[in-house]
Chemist: 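Mind having a look at this structure? Questions to follow.
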Amino acid sequence: MAASAAATFTIGTAQTGRSLPQSNPFGLKFNSLVNFKTFSGLKAMSSIRCASELANCLKGVDVVVIPAGVPRKPGMTRDDLFNINAGIVRDLVTAVADNCPGAFIHIISNPVNSTVPIAAEILKQKGVYDPKKLFGVTTLDVVRANTFVAQKKNLRLIDVDVPVVGGHAGITILPLLSKTRPTANFTDEEIEALTVRIQNAGTEVVEAKAGAGSATLSMAYAAARFVESSLRALDGDADVYECSFVESDLTDLPFFASRVKIGRKGVEALIPTDLQGLSEYEQKALEALKPELKASIEKGIAFAQKQTVSA
Ligand SMILES: NC(=O)c1ccc[n+]([C@@H]2O[C@H](COP(=O)([O-])OP(=O)(O)OC[C@H]3O[C@@H](n4cnc5c(N)ncnc54)[C@H](O)[C@@H]3O)[C@@H](O)[C@H]2O)c1
Ligand SMILES: O=C(O)C[C@H](O)C(=O)O
């Protein structure tokens, strides 16, 4: 039986115009056989006119999705978005802390490797941090990895599962091809080419869009998948696994993307097995990504610690 009605709120949608009223209850069916009879609606807001409007929208919400902020232009790294997006995420997470502190928070805004630590620090300052409920959305990396591997190996996309660990920028995105399900054999050249393509797929889109932004449709698909997984978990499904950038003790870094088991209260378990028995290539790549990921995490924490947030 379902636990409780869940409502989702998205701040900073690609839609233009006014904020949308809460929709009528509806069933959601996406990438699974589950229909959410208790899902009570979706609210979305593309621009925020005043704090009270944001506060009203957030009250009673179970899942908050934050894709607000500026996207990259060709030649930019995700870290180049830090100066603008750090403040946006800080302010929105402050509002979440004030109005729906128990909600799952999905951070899409880049640089995810820094915005998630910012969110954590703000929630700590507000005294409402629950590490189990803060998620950096790295689902698009998994979607890409699955797609590229399915194409390369002539597999049905629905059957393919490639865990992607680390973070969400350049070499910090580490697809674990040796853990591909169903088992697939790759030559060294294929591993190198697939890994680099998955790591650079966001940049590929940014360059192709030539100044018109970054991935939007594929991100919407990935966000919908992660929201659906969260709703299934909130609805009591005991078999929900996704990769996400979360507080973690799987490595020596305080945040790390890995497969996690999601339950009613958020992350129920970090799944360590994907990181065991890595290939030599993956082990080297894992060590190589750590300094960059550590620096991005520390940059986010330092930014948030300089802020004064009223409790
Ligand atoms: N995690 C991922 O895999 C992933 C994938 C794609 C995009 N992104 C990131 O998502 C962010 C948004 O990208 P996009 O392509 O949707 O950009 P976009 O410009 O199409 O949309 C951004 C939205 O944010 C809103 N916004 C801006 N400032 C805001 C604020 N202060 N409060 C609330 N809303 C605000 C805008 O009104 C707009 O609706 C970027 O940082 C981008 O890098 C992440
Ligand atoms: O690449 C970007 O800037 C957007 C996003 O992080 C992506 O991976 O597509």
Side-chain angles (χ1 to χ4, degrees), residues 9-20 43-51 53-55 57-58 64-96 105-116 118-119 134-148 164 166-175 196-227 242-246 255 257 296 300:
F9 179 51
T10 300
I11 310 170
T13 67
Q15 301 173 42
T16 52
R18 290 157 47 80
S19 61
L20 305 174
K43 310 180 200 177
M45 181 174 265
S46 59
S47 62
I48 292 160
R49 285 161 295 197
C50 61
E53 184 181 38
L54 177 60
C57 279
L58 285 169
V64 180
V65 184
I66 304 184
V70 288
R72 286 198 280 166
K73 292 198 182 313
M76 292 172 85
T77 65
R78 291 177 182 82
D79 185 59
D80 291 333
L81 306 173
F82 186 99
N83 287 346
I84 298 179
N85 290 353
I88 292 175
V89 170
R90 171 201 61 207
D91 294 347
L92 294 174
V93 171
T94 301
V96 173
I105 307 175
H106 296 183
I107 306 273
I108 292 172
S109 318
N110 271 314
V112 167
N113 292 353
S114 302
T115 51
V116 171
I118 289 172
L134 178 61
F135 303 89
V137 181
T138 58
T139 320
L140 186 49
D141 300 314
V142 174
V143 168
R144 287 169 173 156
N146 291 349
T147 305
F148 300 156
V164 183
H168 179 69
I171 63 161
T172 73
I173 300 167
L174 177 56
V196 170
R197 175 130 201 248
I198 294 159
Q199 291 174 333
N200 288 340
T203 306
E204 209 181 292
V205 176
V206 168
E207 281 166 5
K209 289 179 90 168
S214 56
T216 45
L217 191 57
S218 55
M219 184 58 238
Y221 173 86
R225 168 174 157 166
F226 197 67
V227 167
E242 287 285 355
C243 287
S244 180
F245 184 65
V246 296
F255 294 88
S296 300

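Whatever order the structure lists ligands and atoms in, that order sets their numbers, starting from 1. Computed from a prediction, not measured in an experiment: that's the story for all the values here.
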Chemist: Please identify which atoms of ligand 1 are closer than 4.0 Å to at least one heavy atom of Val70.
Modeler: 40 (C), 41 (O)
Chemist: Please determine, by modelled atom types, if Thr203 and Arg72 share a side-chain donor-acceptor pair under 3.5 angstrom.
Modeler: yes
Chemist: Can you check which of Gly69, Ala68, Gly87, Ala220 brings a heavy atom nearest to atom 21 (O) of ligand 1?
Modeler: Gly69
Chemist: Is there a polar contact, in the sense of an N or O pair closer than 3.5 Å, between Val112 and ligand 1?
Modeler: no
Chemist: Shortest non-hydrogen contact from Gly167 to Phe245?
Modeler: CA-CD1, 4.2 Å
Chemist: For atom 16 (O) of ligand 1, which of the options Ser218, Ser109, Pro67 provides the nearest non-hydrogen atom?
Modeler: Pro67
Chemist: According to ring-ring contact (aromatic ring centres under 6.0 Å, His included), who are the partners of His106, at least two apart in sequence or on a separate chain?
Modeler: Phe135, Phe226
Chemist: Would Asn85 count as a polar contact of ligand 1, with the cut-off being nitrogen or oxygen pairs under 3.5 Å?
Modeler: yes
Chemist: Take Val96 and Leu58 through the side chain to side chain contact (heavy atoms under 4.5 Å, CB included) test and state the conclusion after the steps.
Modeler: CA-CA 7 Å; Val96 173; Leu58 285 169; 4.2 Å; yes
Chemist: Residue-level breakdown please: for Leu81 versus ligand 1, do any non-hydrogen atoms fall below 4.0 Å on the side chain, on the backbone, on both, or on neither?
Modeler: side chain
Chemist: Could you identify the single nearest non-hydrogen protein atom to atom 1 (O) of ligand 2 and state the distance to 0.1 Å?
Modeler: Arg72 NH2, 2.7 Å
Chemist: Side chain, backbone, both or neither: which part of Arg78 has a heavy atom under 4.0 Å from ligand 2?
Modeler: side chain
Chemist: Under 3.5 Å between any N/O of Arg72 and any N/O of ligand 1: does that happen in this structure?
Modeler: no
Chemist: Give the atoms of ligand 1, by number and element, whose distance to some non-hydrogen atom of Ser214 is under 4.0 Å.
Modeler: 7 (C), 15 (O)
Chemist: Would you please determine whether Arg144 falls within less than 4.0 Å of ligand 2 on a heavy-atom basis?
Modeler: yes
Chemist: Please check: side-chain N/O of Thr77 versus main-chain N/O of Asp79, any donor-acceptor pairing under 3.5 Å?
Modeler: yes
Chemist: Does an N or O anywhere in Leu92 fall below 3.5 Å from an N or O of ligand 1?
Modeler: no
Chemist: N/O to N/O below 3.5 Å, does that happen between Asp141 and ligand 2?
Modeler: no
Chemist: Under 4.0 Å, heavy-atom basis, I'd like to know which part of Ile88 is in contact with ligand 1: side chain, backbone, both or neither.
Modeler: side chain
Chemist: Side chain of Asn85, backbone of Val70: donor and acceptor closer than 3.5 Å?
Modeler: yes
Chemist: Heavy atoms only: give me the nearest Ser244-Gly136 pair and the separation to one decimal.
Modeler: OG-O, 2.9 Å
Chemist: Counting only nitrogen or oxygen atoms and a 3.5 angstrom limit, does Asn110 reach ligand 2?
Modeler: yes
Chemist: Considering all heavy atoms of both residues, which atom of Val246 and which atom of Leu134 are nearest to each other, and what is their separation?
Modeler: CG1-O, 3.7 Å
Chemist: Mark up the atoms of ligand 2 that fall under 4.0 Å of a heavy atom belonging to Ser214, in ascending order.
Modeler: 2 (C), 3 (O), 4 (C)
Chemist: Show which atoms of ligand 2 fall inside a sub-4.0 Å distance from at least one heavy-atom site of Ala215.
Modeler: 9 (O)
Chemist: Within the structure, is a non-hydrogen atom of Leu140 found at a distance of less than 4.0 Å from ligand 2?
Modeler: yes
Chemist: At a non-hydrogen distance cut-off of under 4.0 Å, which region of Thr216 contacts ligand 1 (side chain, backbone, both, or neither)?
Modeler: side chain
Chemist: After noting the C-alpha distance and the side-chain angles of Ile173 and Ile198, does the key distance pass the side chain to side chain contact (heavy atoms under 4.5 Å, CB included) rule?
Modeler: CA-CA 8 Å; Ile173 300 167; Ile198 294 159; 4.2 Å; yes
Chemist: Side chains of Thr172 and Asn113: is there a donor and an acceptor less than 3.5 Å apart?
Modeler: yes
Chemist: Below the 3.5 angstrom mark, is there an N/O of Ile107, backbone or side chain, next to an N/O of ligand 1?
Modeler: no
Chemist: Measuring only between side-chain heavy atoms, which start at C-beta, is Thr115 closer than 4.5 Å to Ile88?
Modeler: no
Chemist: So if I count the atoms of ligand 2 from 1 in the order they appear, which ones are less than 4.0 Å from some heavy atom of Gly202?
Modeler: 1 (O), 7 (C), 8 (O), 9 (O)
Chemist: Work out which heavy atom in Leu140 is nearest to a heavy atom in Ala215; give both atom names and the distance.
Modeler: CD2-CB, 4.3 Å
Chemist: With a 4.0 Å cut-off on heavy atoms, does His168 reach ligand 2?
Modeler: yes
Chemist: Show the nearest heavy-atom pair for residues Cys243 and Thr138, with the distance to one decimal.
Modeler: O-OG1, 3.5 Å
